[in-house]
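Per chain, numbering begins at 1; letters A, B, ... match sequence-line order. If you're wondering where the values come from, they're calculated on a predicted model, not measured in any experiment.
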Protein chains: 4
Amino acid sequence: MSLREKLYKIIFETDTKAGRNFDIFLLWAILISVVLVMLDSVPSYAIRYKDLFLNLEWILTIIFTIEYLSRIWISPKPIKYIFSFWGLVDLLSIVPTYLSLLISGYHYLLIIRIFRLLRVFRVLKLARFTSETSVLVEALVASSYKISIFLTAVLTIVTFLGTLMYVIEGGETGFTSIPQSIYWAIVTVTTVGYGDMVPNSVLGKFISSFAMIIGYAILAVPTGIVTMEMSKVSGKTKTCIHCNSKNSLNANYCDHCGAKFPED
Amino acid sequence: MSLREKLYKIIFETDTKAGRNFDIFLLWAILISVVLVMLDSVPSYAIRYKDLFLNLEWILTIIFTIEYLSRIWISPKPIKYIFSFWGLVDLLSIVPTYLSLLISGYHYLLIIRIFRLLRVFRVLKLARFTSETSVLVEALVASSYKISIFLTAVLTIVTFLGTLMYVIEGGETGFTSIPQSIYWAIVTVTTVGYGDMVPNSVLGKFISSFAMIIGYAILAVPTGIVTMEMSKVSGKTKTCIHCNSKNSLNANYCDHCGAKFPED
Amino acid sequence: MSLREKLYKIIFETDTKAGRNFDIFLLWAILISVVLVMLDSVPSYAIRYKDLFLNLEWILTIIFTIEYLSRIWISPKPIKYIFSFWGLVDLLSIVPTYLSLLISGYHYLLIIRIFRLLRVFRVLKLARFTSETSVLVEALVASSYKISIFLTAVLTIVTFLGTLMYVIEGGETGFTSIPQSIYWAIVTVTTVGYGDMVPNSVLGKFISSFAMIIGYAILAVPTGIVTMEMSKVSGKTKTCIHCNSKNSLNANYCDHCGAKFPED
Amino acid sequence: MSLREKLYKIIFETDTKAGRNFDIFLLWAILISVVLVMLDSVPSYAIRYKDLFLNLEWILTIIFTIEYLSRIWISPKPIKYIFSFWGLVDLLSIVPTYLSLLISGYHYLLIIRIFRLLRVFRVLKLARFTSETSVLVEALVASSYKISIFLTAVLTIVTFLGTLMYVIEGGETGFTSIPQSIYWAIVTVTTVGYGDMVPNSVLGKFISSFAMIIGYAILAVPTGIVTMEMSKVSGKTKTCIHCNSKNSLNANYCDHCGAKFPED
């Protein structure tokens with residue numbers, strides 16, 4: 001087995017011990033680097049631990065660079081990988097650090113490194129993306145059209161509500177424009193309720209009480225949608241061709257006669 | 001085909017290319033005009049882009065006027081259309097701009113133009129009002145009586161809660177009257193929690209803690225109602241007259257024998 | 001038919017025109033009197049409309065007194081009625097006004113009149129307490145034990161959370177005692193979030209972020225309970241003794257053979 | 001029956017009158033001692049009722065100590081009990097009070113006594129841990145993997161959202177670092193909405209409006225998960241070996257033929 005084949009097994013497969021260890025190592029490297037980006041944004045930490053953060057960052061960047069180059073090398077179609085979603089995420093994870101050598105004092109570009117967090121999902125996907133997740137995703141996709149109708153309705157409600165409150169409150173306590181008032185309406189209907197803008201007039205309080213109770217009642221709608229779709233997806237069955245008994249979609253063997261289902 | 005017939009096809013039907021393009025054009029015109037109304041309410045924008053907003057407004061108003069007049073012209077029953085819901089919404093969308101020529105300085109009347117937003121629903125309805133929406137609407141209608149009982153209960157709870165807190169807090173920190181305290185109770189029970197009025201006394205805090213946990217538990221009720229109704233509506237079936245197998249209400253063909261269902 | 005019998009029909013029954021009108025009249029009288037109590041608590045209104053409020057209050061009190069005395073008179077067991085729940089509510093609705101003649105300047109006792117609101121339910125119950133409500137009530141009763149387990153768990157969580165935050169925040173920004181911190185924990189876990197007490201320390205913010213996400217996830221539990229119980233109650237059936245087909249619990253006639261079900 | 005056997009019956013069993021009374025007595029002692037810890041943390045009470053609190057604390061500690069020693073004595077395997085979960089909780093409940101004699105002025109260690117609250121669950125478990133609870137626990141366990149996927153997704157969303165807002169708001173109104181902004185994102189997405197940090201810029205308000213509506217829609221997911229799992233658990237059946245009819249998992253007797261199910 002050549003080095004390239006060995007590397008392929010380690011990086012892309014998880015059923016060997018080395019592959020599993022590599023995944024765990026990578027997971028920790030990603031999580032540490034993300035925490036680093038976060039802590040580096042805290043002014044007091046950024047000054048006190050300047051050198052520690054810089055050194056760790058370079059160590060992690062070099063690790064990620066080696067990983068990136070290895071992936072290009074062992075990939076059967078390197079060009080395709082480079083321009084794939086994960087290829088671009090991998091590139092984006094290392095470029096800002098190198099760029100910081102050339103251009104100085106650009107704080108915000110370094111924040112792009114937060115996209116490294118996405119790479120956690122690639123590692124997790126290889127390790128244990130099971131049928132559980134697909135039920136979640138399938139239910140969300142199945143209900144996406146119903147949810148978008150619901151969101152359109154919510155957006156229409158908050159637009160009218162915001163406009164109404166703009167007219168009623170008339171510039172007081174932050175209701176200075178329609179977009180501002182719509183922002184208030186969204187904060188209210190979603191029950192977030194910051195309190196940075198609150199109605200002052202009696203009529204304004206009456207209208208917003210009404211809005212809250214309405215919001216309370218329609219909160220039930222997306223829940224109802226997702227629950228229903230989830231039950232549907234989870235309730236789907238496939239029929240065993242040997243004994244005609246019904247099995248869950250995720251079954252590998254018929255639970256009645258034990259026959260193996262053909263793989264998808 | 002006369003001009004009137006052509007216009008009818010464009011305005012009222014969506015299966016021709018022209019009709020579809022007209023819908024998309026109208027949708028954008030409506031959305032732009034609504035955004036215009038919003039931005040015009042922001043004091044700084046209203047001053048800086050005064051001329052741009054005025055010109056755009058007149059262009060859109062003229063487009064909507066032409067559309068309105070066309071609809072009257074091609075409508076088989078013009079009088080019925082004019083006094084229909086959509087006819088009045090269409091009229092309301094153009095009248096404020098013309099009125100602004102006659103009377104000057106009436107800022108708030110122009111806000112009526114926000115009702116143009118409603119016209120989005122007419123356009124969308126023609127385009128893709130599918131059976132998905134009807135499940136939502138049917139479930140809401142079916143559960144409307146249960147929800148109204150629930151709302152009555154909630155209103156009773158907040159009335160007693162507000163009165164109790166008015167007595168306990170005794171005018172402190174905003175609990176100056178019963179309606180004011182009921183407003184607080186609604187803000188609390190719906191978990192909005194602005195924080196503009198908060199209990200100060202120990203007893204007040206105890207009562208409101210109790211109210212929050214109760215609110216937390218009864219939040220479950222409307223959700224349960226809507227979910228149940230949605231499952232019911234979605235679980236309704238019709239029986240194929242050829243093979244007696246059950247099909248979902250939205251099926252056009254029997255999924256067992258392929259026979260076509262008669263249209264509703 | 002004697003006057004007493006006539007009155008009985010009007011007050012206790014709703015299938016005559018007079019009975020129905022009496023109910024509607026009473027409903028309005030109750031609602032007006034409750035609104036009156038509310039408005040009377042607003043200082044500015046209480047001064048401006050002093051005489052109007054006083055006159056209206058006496059008119060309504062006299063109406064309710066006549067109704068109360070009539071109920072005693074026509075009741076087959078007057079003593080039982082007087083000490084029944086509704087009898088006491090009726091008494092409580094009129095006593096404060098008469099007491100205000102004897103003792104002056106006791107503002108808060110008058111607020112007891114808010115209990116008149118309860119009488120709305122008696123009127124509504126006679127009019128349209130249908131099977132819909134019983135599904136709601138039955139589901140709540142059936143799930144009451146599960147909900148009480150859930151509430152015990154929530155109370156335990158907020159106690160530990162509050163104690164933890166009291167130790168962490170150490171008296172700062174309102175976390176001055178354990179009960180105070182438990183109040184904060186309840187405000188947070190129920191997602192009310194007034195903002196009158198917020199964590200200041202880094203550790204405090206971390207713990208409360210954790211608490212919010214936990215609260216977010218367990219918000220699902222009571223909803224799941226109520227939805228499940230509601231489906232169960234709503235799914236219960238009774239079997240027709242003539243044709244053995246299943247009918248919903250609320251059915252009066254078998255939907256298959258049309259046989260009447262015996263009344264409960 | 002020896003004293004040890006008698007004590008065993010009283011402490012560990014609930015079917016005798018003495019055992020039941022012991023449980024109720026213990027429950028009250030625990031609740032009182034927890035309330036004591038809470039009230040002792042309120043500065044004004046701690047000063048005013050110093051002696052009362054101290055005396056009560058010692059009485060309760062001595063009761064708990066006797067209980068602890070009795071449990072060790074009557075336990076068939078004393079060492080195992082001492083190092084079991086409940087043994088450690090019992091020890092932790094009495095140690096702080098004795099330690100306070102040796103070391104003075106350590107306020108916070110005394111708060112460990114709040115762990116006595118856990119002992120309520122042991123008492124309640126003996127008394128009425130029924131199948132109801134197991135449905136709740138089983139549903140939570142069954143859905144724990146789905147919920148952890150959901151939480152991972154939520155954590156990813158709030159990380160990106162917080163980072164984005166940190167860049168947009170740029171240090172204003174509290175968005176001073178990424179962890180701080182993530183805290184804000186959690187407060188917002190969970191709809192807690194303290195209002196201690198609110199977006200100030202137009203873009204920031206737009207992004208957070210978006211975040212709230214997204215949060216509103218995904219609030220539905222954990223509810224859907226738990227409801228579905230609860231229905232599954234509650235819908236599980238076991239089959240009677242005598243008549244083949246299906247019974248609920250909690251049934252002790254077949255509801256069709258009355259045969260007793262074998263105990264688990």
> Is the cationic atom of Arg119(D) (NZ for Lys, CZ for Arg) positioned less than 6.0 Å from the six-membered ring centroid of Phe64(D) and within 45 degrees of its normal?
Replying inline: yes
> Should the heavy atoms of other residues, nucleotides or ligands under 6.0 Å from CZ of Phe53(C) be counted, would the total exceed 12?
Replying inline: yes
>> For a 4.5 angstrom cut-off between non-hydrogen side-chain atoms, does Arg113(D) reach Asp40(D)?
In response: yes
> What option among Thr159(C), Asp196(C), Val189(C) has the most heavy-atom pairs under 4.5 Å with chain D?
Replying inline: Thr159(C)
> Between Val158(D), Val34(D), Leu117(D), which residue shows the highest count of heavy-atom pairs closer than 4.5 Å to chain C?
Replying inline: Leu117(D)
> Of all of Val35(D), Val154(D), Leu39(D), Val42(D), which one pairs up most often with chain C through heavy atoms under 4.5 Å apart?
Replying inline: Val42(D)
> If you measure only the distance, is there a donor-acceptor pair under 3.5 Å linking the side chains of Glu57(D) and Thr97(D)?
Replying inline: yes
> In terms of heavy-atom proximity below 4.5 Å to chain D, should Ser208(C) be classed as side chain, backbone, both, or neither?
Replying inline: side chain
> Is chain D contacted by the side chain of Val192(C), its backbone, both, or neither, given a heavy-atom distance below 4.5 Å?
Replying inline: backbone
>> Between Phe160(C) and Phe115(D), is the ring centroid distance below 6.0 Å?
In response: yes
>> Can you tell me which portion of Leu155(D) sits under 4.5 Å from chain C's heavy atoms? Options are side chain, backbone, both or neither.
In response: side chain
